[in-house]
Amino acid sequence: MTMSFDHVTLGQRVVFGAGRGAENLAAEVARRGARRVMAIASSRERELAARVCGQVEVAVWFDDVVQHVPVATADAARAAAAEHGVDLLVSVGGGSTTGLAKAVALTTGIPVVAVPTTYAGSEATNVWGLTEDRTKTTGVDDRVLPAAVVYDAALTTSLPVGLSVASGLNALAHCVDSLWAPRADPINQALALEGVRALAVALPGIVAEPEGLTGREQALYGGYLAAVAFASAGSGLHHKICHVLGGTFDLPHAETHATVLPHVLAYNAPAVPALAGRLAAALGAPVGEGEDPVPAAVGALNRLYEALGAPSRLADYGLTAGDIPEAVDRIVKAAPPSNPVPVTEAAITALLTAALTGAAPTATLAH
Ligand code: NAD
């Protein structure tokens, strides 16, 4: 079969080094000749941020970080940047913190250096998100792509195991969704599957040894690849579902992504058996001769979830059966027409009902 695709690779410096975040950040600030740095970090991550910014002169700290970036918070951060004549934004934190820096960059063009402390991956995308009136709006703009990312696995050892697992599975969801998202191509599929391989090893490693740097570093690496693949392939069905659940029902981002992923895989895998086979292999369960790759992939993911004690019920995060009709309506309208399986109200109702109660995802769901 011939190949035909149009792939864009985003330009950004990526610096890895466990325990070297402070020196790598200082070098990056110096390289950019920045004089007025605004450090963005929530009060919970302030100590971590002070440590990594220890060799940088910070003109102003901004700590009002709120998940899903409410417009009012973005406006306050933009005003602080203007008031202090800021010429570089340094974000230290998870996706919510990176997202706030991106919101400032969107309207001001001030470059961002991101120091991630979760595996969400926002630092590697040119996607921004803002929330107002129970609706999350996202957009793509190269101004919000951080100019540089400083990865230091030592900054993530404080992330509790449960949150680490959820965050890592959020990254895994970026990988899996990138296999069939609207602009999926062989390059972002290759990156996504390498991300799956890294995360499938990293997360059990973190559960076994939360303070260990090897699992943490592999999770950052996998999370980065996941985000690069996602930025290139665009939002698939999984992402659209979670976007509605987060923006409209205020469900927590990582846990929601983690819970929904096995159900979307079970829904889509029957239509993409070759990709399912590659996914199973990346999850460490290569498909045997004559074996059906679809249950192989679904089963491999389910086993990983069991081993990790992963999130499995949206009810645990505040969704109720009464919310499902509105969610379904919003999701069906937002779902990509290119999804490998047609997206119907009945199918999404069944999918959300299963995810609400933690019913085991199987590849026959709604088919
Ligand atoms: P988060 O940033 O909200 O962090 C979750 C929790 O973890 C917070 O309580 C935070 O204080 C805590 N935390 C973070 N780092 C820690 C550490 N090292 N030790 C201890 N606690 C720590 O959650 P998230 O899942 O990282 O990010 C979610 C947000 O990012 C959502 O708004 C989502 O939409 C956005 N996001 C955007 C993109 C994109 O491409 N634009 C990609 C992924 C996520």
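All values derive from a computational prediction rather than experimental measurement. Both counts, for ligands and for their atoms, begin at 1 and track the order of listing.
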Handout entry: Contact check: Leu155 vs ligand 1, nitrogen or oxygen atoms, below 3.5 angstrom
Key = yes
Completion exercise
One finds that the ligand 1 atoms under 4.0 Å from a non-hydrogen atom of Gln67 are 3 (O)
Practice task
With heavy atoms of Leu48 as the reference, note each atom of ligand 1 found under 4.0 Å away.
Solution key: 18 (N)
Handout entry: Contact (N/O only, under 3.5 Å) between Thr156 and ligand 1
Key = no
Handout entry: Ligand-side contact atoms (ligand 1) for residue partner Thr117, heavy atom cut-off under 4.0 Å
Key = 14 (C), 15 (N), 16 (C), 17 (C), 18 (N)
Handout entry: Within-shell test, Lys102 vs ligand 1, heavy atom, strictly < 4.0 Å
Key = yes
Handout entry: Nearest protein heavy atom with distance in Å, relative to atom 9 (O) of ligand 1
Key = Arg44 NE, 3.3 Å
Practice task
Pull out every atom of ligand 1 sitting under 4.0 Å from any heavy atom of Leu163, numbered as shown with elements.
Solution key: 6 (C), 7 (O)
Fill in the blank from the handout: Checking heavy-atom distances from atom 24 (P) of ligand 1 to each of Ala173, Ala166, Cys242, Gly95, the winner is Gly95
Handout entry: Donor-acceptor under 3.5 Å (Arg78 side chain, Leu106 main chain)
Key = no
Problem - Criterion side chain to side chain contact (heavy atoms under 4.5 Å, CB included) against Val244, the qualifying member of Leu352, Ile331, Val332, Ile348 - result: Ile331
Exercise for the section: For Thr118, counting its heavy atoms only, list the atoms of ligand 1 lying under 4.0 Å from any of them. Expected result: 14 (C), 15 (N), 26 (O)
Fill in the blank from the handout: When distances are taken from atom 16 (C) of ligand 1, the protein heavy atom at minimum range is Leu159 CD1, 3.4 Å
Exercise for the section: Return the minimal non-hydrogen interatomic distance between Tyr267 and Val343, and the atom names on each side. Expected result: OH-CA, 4.0 Å
Exercise for the section: Consider every N or O of Ser158 and every N or O of ligand 1, then say whether any pair is closer than 3.5 Å. Expected result: yes
Exercise for the section: Under 4.0 Å from a heavy atom of Val127: give me the atoms of ligand 1 that qualify, with their elements. Expected result: 39 (C), 40 (O), 41 (N)
Exercise for the section: Keeping the roles fixed (side chain from Arg197, backbone from Gly222), state whether a donor-acceptor pair exists under 3.5 Å. Expected result: no
Practice task
State which residues pass ring pair (Phe, Tyr, Trp, His ring centres under 6.0 Å) with Phe62; sequence neighbours excluded, sorted by chain then number.
Solution key: none
Problem - Which residues share a ring pair (Phe, Tyr, Trp, His ring centres under 6.0 Å) with His238, sequence neighbours left out - result: His257
Practice task
Indicate whether the side chain of His7 and that of Asp185 have a donor and an acceptor atom separated by less than 3.5 Å.
Solution key: yes
Practice task
Report yes if the side chains of Trp128 and Val69 come closer than 4.5 Å at any heavy-atom pair, otherwise no.
Solution key: no
Exercise for the section: Could you find the nearest protein heavy atom to atom 43 (C) of ligand 1 and give me its residue, atom name and distance? Expected result: Ala120 O, 3.3 Å
Problem - Subset of ligand 1 atoms that lie under 4.0 Å from at least one heavy atom of Gly94 - result: 2 (O), 26 (O)
Problem - For Thr125, the ligand 1 atoms whose distance to one of its heavy atoms is below 4.0 Å - result: 39 (C), 40 (O), 41 (N)
Exercise for the section: Report yes if some N/O of Glu45 lies less than 3.5 Å from some N/O of ligand 1; otherwise report no. Expected result: yes
Exercise for the section: Select one of side chain, backbone, both or neither to describe which atoms of Thr98 lie under 4.0 Å from any atom of ligand 1, heavy atoms only. Expected result: neither
Exercise for the section: State whether the side chain of Thr256 and the backbone N or O of Pro252 hold a donor-acceptor pair below 3.5 Å, judged by distance alone. Expected result: yes
Handout entry: For atom 44 (C) of ligand 1, the protein heavy atom that lies nearest, with its residue and separation
Key = His253 NE2, 3.4 Å
Exercise for the section: For atom 34 (O) of ligand 1, find the nearest protein heavy atom and state the residue, atom name and distance (0.1 Å precision). Expected result: Lys136 NZ, 2.5 Å
Problem - Inter-residue atom distance Leu261.CG - His174.NE2, 0.5 Å rounding - result: 10.5 Å
Practice task
Check each heavy atom of His68 against ligand 1 and say whether those closer than 4.0 Å belong to the side chain, the backbone, both or neither.
Solution key: both
Problem - Atom of Thr125, atom of Ala227 and distance for their closest heavy-atom approach - result: CG2-O, 3.7 Å
Handout entry: Arg31 CZ: over 12 foreign heavy atoms closer than 6.0 Å
Key = yes
Fill in the blank from the handout: Here the gap from Leu191 atom CG to Gln189 atom CD, rounded to the nearest 0.5 Å, amounts to 10.0 Å
Handout entry: Donor-acceptor side-chain pairing of Tyr151 and Glu217 below 3.5 angstrom
Key = no
Exercise for the section: If you have a sec, work out which protein heavy atom is nearest atom 1 (P) of ligand 1 and how many Å separate them, to one decimal? Expected result: Ser96 OG, 3.4 Å
Exercise for the section: Please say whether Asn170 places an N or O atom under 3.5 Å from an N or O atom belonging to ligand 1. Expected result: no
Handout entry: Nearest-contact summary for atom 38 (C) of ligand 1 - protein heavy atom, Å
Key = Ser122 CB, 3.4 Å
